[in-house]
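As structure tokens, the structure follows; a few thoughts come after it.
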Amino acid sequence: MILDHHPYTINEAGHLAIGGMDAVELANKYGTPLYVFDVSLIRENCRAFVNTFQELGVRAQVAYASKAFSSVAMLQVIRQENLSLDVVSQGELYTALLADFPVKKIHLHGNNKSYEELEMAIDNDIGCIVVDNFQEIDLISHILQEKDKTISVLMRVTPGIEPNTHQYIVTGNEDSKFGFSLENGQADKAFLQLYEHEKINFKGLHNHIGSQIFETEVFQLSADILFHKLAEWHAEYNFVPEVLNLGGGFGIRYTEDDQPLSYAEHVNKIVTAVQDQSESFNLPMPEIWIEPGRSIVGNAGITLYSVGSMKEIPGVRKYISVDGGMTDNIRPALYQAKYEAVLANKAALPASESVSVAGKCCESGDMLIWDLSVPEIDSDDILAVFSTGAYGYSMANHYNRFAKPAAVFVEDGNDKLVVKRETYHDVVKNDISYE
Ligand SMILES: *Cc1c(COP(=O)(O)O)cnc(C)c1O
């Protein structure tokens with residue numbers, strides 16, 4: 001049973017329930033496609049990280065990587081749970097300010113931060129900029145001189161690790177567009193520029209190895225490599241690191257094949273690794289920062305679609321088409337990502353046929369799920385795809401001039417619209433007539 005490994009239940013009507021709400025009723029009320037988020041699960045995920053650090057008595061910041069799903073309501077929940085926040089663009093920073101996120105807990109990332117982005121970050125006195133390259137150091141320097149301000153920074157480095165995940169989302173290897181190489185001397189050169197800068201408070205190193213990672217060993221390995229460098233700088237320049245940021249990428253369950261570790265287990269392993277390293281190098285224990293995105297919101301979101309046309313190719317397969325696709329979830333087309341789904345209105349019925357779920361875009365590659373087992377399926381059934389909370393809405397696009405779906409939060413038996421469905425007026429609003 002698919003529902004055995006997703007955090008959702010079946011109600012008395014035999015329908016899928018999310019956050020105490022009937023998924024079929026939500027689809028009827030708000031229309032489809034519809035993103036639905038179970039807020040209590042988002043909170044549970046936040047607390048699993050934060051509470052484990054607290055129980056271990058370790059100073060830490062858990063920064064939600066808001067690129068996974070950024071909206072005002074989402075960032076309000078993250079603020080309520082006392083997490084910090086990663087933003088990677090002016091748009092994400094703008095959203096954070098709109099959500100009244102405490103500026104000191106905002107961290108700015110990016111491999112090509114513009115002057116305007118850096119200026120906005122510095123003007124708003126955000127907590128930290130994660131510096132990625134030499135041009136950026138020059139830009140920050142320039143802005144700080146001009147405005148006579150100071151800023152805290154971390155340096156992003158590439159430790160040359162390749163985790164066992166999809167190659168498109170590996171970022172910690174040496175041949176990466178992100179960060180300074182630890183191996184070719186660039187990190188040392190950048191260190192001197194940052195450490196000796198009178199307006200920059202250089203706090204330590206950052207590394208994000210990749211995404212959808214199931215092994216803790218890669219985090220331990222990266223802590224080991226980063227500490228070797230920190231120890232060198234300590235010996236040579238008496239630098240004492242205040243922060244060690246090991247990034248995000250904690251894997252979640254999309255399908256039965258995914259066997260994620262508990263978040264508490266990840267945190268435990270990371271803390272032990274950092275404690276061991278700081279002891280063996282005789283350095284004070286730095287504050288540990290992590291940056292979970294997918295693991296905060298991924299399993300808390302589902303997408304509801306209406307089933308439309310169906311096509312059976314005898315002896316080959318049966319295609320069923322839904323009213324969304326790569327416009328609201330590009331991950332299957334982009335990463336060959338796998339998902340599981342149920343018919344929300346037939347959640348209690350046993351599976352009796354196998355179908356492949358197609359999106360409605362004009363692309364053969366717009367397939368959401370291959371070979372899904374479902375009860376006997378009809379047009380107008382409601383398909384609920386699981387674990388779409390991360391990188392769904394945030395990667396949504398207007399291909400084929402589709403309007404982006406709405407998003408609804410459910411919690412304690414209440415539902416609330418938090419992102420409006422786009423209208424076709426929204427889709428064409430920037431078009432300008434040529435006659
Ligand atoms: C994408 C990203 C994250 C979050 O990754 P998840 O897989 O969503 O946890 C964290 N840190 C940085 C720097 C990232 O680019």
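Nothing fancy with the numbering, it's 1 onward along the sequence. From a predicted model like this one, the values you see are computed outputs, not experimental measurements. Just so it is clear, the values below take in all heavy atoms, side chains as well, and ignore hydrogens, waters and symmetry mates. Read the numbers this way: they start at 1 and go in the same order the structure lists the ligands and their atoms.
With a 6.0 Å cutoff to the six-membered ring centre and a 45° limit on the axis angle, Arg421 does not count as a cation-pi contact of Tyr30. With Tyr391 as the aromatic partner, Lys67 does not meet the cation-pi criteria of under 6.0 angstrom to the ring centre and within 45 degrees of the ring axis. Remark: Arg294 is not positioned above the aromatic ring of Tyr254, lacking an NZ or CZ atom under 6.0 angstrom from the ring centre and at most 45 degrees off the axis.
Panel note: side chain Asp138, backbone Gln135; no donor-acceptor pair is recorded below 3.5 Å. In this structure, Lys338 contributes its side chain and Gln336 its backbone to a donor-acceptor pair below 3.5 Å. In this structure a side-chain-to-backbone donor-acceptor pair under 3.5 Å is present from Asp366 to Cys361.
Listed by chain and number, Ala65, Lys67, His109, Arg156, His206, His208, Ser211, Gly248, Gly249, Glu291, Pro292, Gly293, Arg294, Tyr391 each place a non-hydrogen atom less than 4.0 angstrom from ligand 1.
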